[in-house]
Amino acid sequence: MATAYLSMGSNLGDRLAFLRSGVKGLVAAPGVRVVKLSSIYETTPVGVTGQPDYLNLVAAIETGLTPHELLSTCLAIEKENGRERSVRWGARTLDLDILLYDDVQMETDDLVIPHPRMKERAFVLVPLLEIEPEIVVLGQPASVWLKQIPDKGQEVRYFASTHEWIA
Ligand code: X6L
Ligand code: MG
Ligand code: MG
């Protein structure tokens, strides 16, 4: 069994409902057990500006799936939730990314772990630190990565609890 951390985001339609549906998809997925969920944060878009604000959260899971099986599961859940891939980094109903998978470091054409840009994204690090305050990413505490992010409008505001979302 491996422990993995996943990032979830939505900035189209009923954002909260898409996150909820994404979590339900994970809970229902064979070989996945959701063990922790962060709160939901409302965050400024990074990469492409001029799109709606995101809701983001991070989930900790235990899984018997391999990294690529987990990736397929994430893509299937995105698809079930109407994800369309047109504009790179554009608005989306649901995005589900693998951040960490045990201490695995791997780089294939379709999957890079740890997630290559997670160290520079407050919308990932803030919810990750909420559920795992001591976590180390690529040799450095996530809290230190977060402090190193320049204050350039990467706003992350508490939005809602996920208290009732996993039994
Ligand atoms: C230069 C070039 C600097 C590209 C940054 C950063 C690109 C992040 C893409 C970048 C660059 C991304 C979310 C988001 C996206 C999300 C918030 C991406 C992929 N997803 N912003 N932007 N939350 N707040 O989930 O992360 S698009
Ligand atoms: Mg993403
Ligand atoms: Mg993605």
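We count ligands from 1, going down the list as the structure has it; atoms in each ligand are counted the same way. Residues take their numbers from the sequence shown, with the count starting at 1.
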Is the shortest side-chain N to carboxylate O distance from Arg92 to Glu78 below 4.0 Å? no

Spatial distance of atom CG (Leu57) from atom OG (Ser161) [nearest 0.5 Å]: 11.0 Å

Using a 4.0 Å cut-off on heavy atoms, what residues surround ligand 1? Order them by chain and number. Thr43, Thr44, Pro45, Val46, Gly47, Tyr54, Asn56, Trp89, Arg92, Arg121, Phe123

Please note down the angle at the Mg ion (ligand 2) between OD2 of Asp95 and OD2 of Asp97, to the nearest 10°. 100°

Show, in sequence, the C-alpha distance, side-chain angles and deciding distance for Thr43 and Asp53, and conclude whether the side chain to side chain contact (heavy atoms under 4.5 Å, CB included) test is met. CA-CA 6 Å; Thr43 67; Asp53 281 357; over 6 Å; no

For the atom pair CG (Asp95) and CZ (Arg85), what is the distance rounded to the nearest 0.5 Å? 7.0 Å

Is the cationic atom of Arg83 (NZ for Lys, CZ for Arg) positioned less than 6.0 Å from the six-membered ring centroid of Phe18 and within 45 degrees of its normal? no

Contact check, side chains of Arg15 and Glu42, non-hydrogen atoms, under 4.5 Å: yes

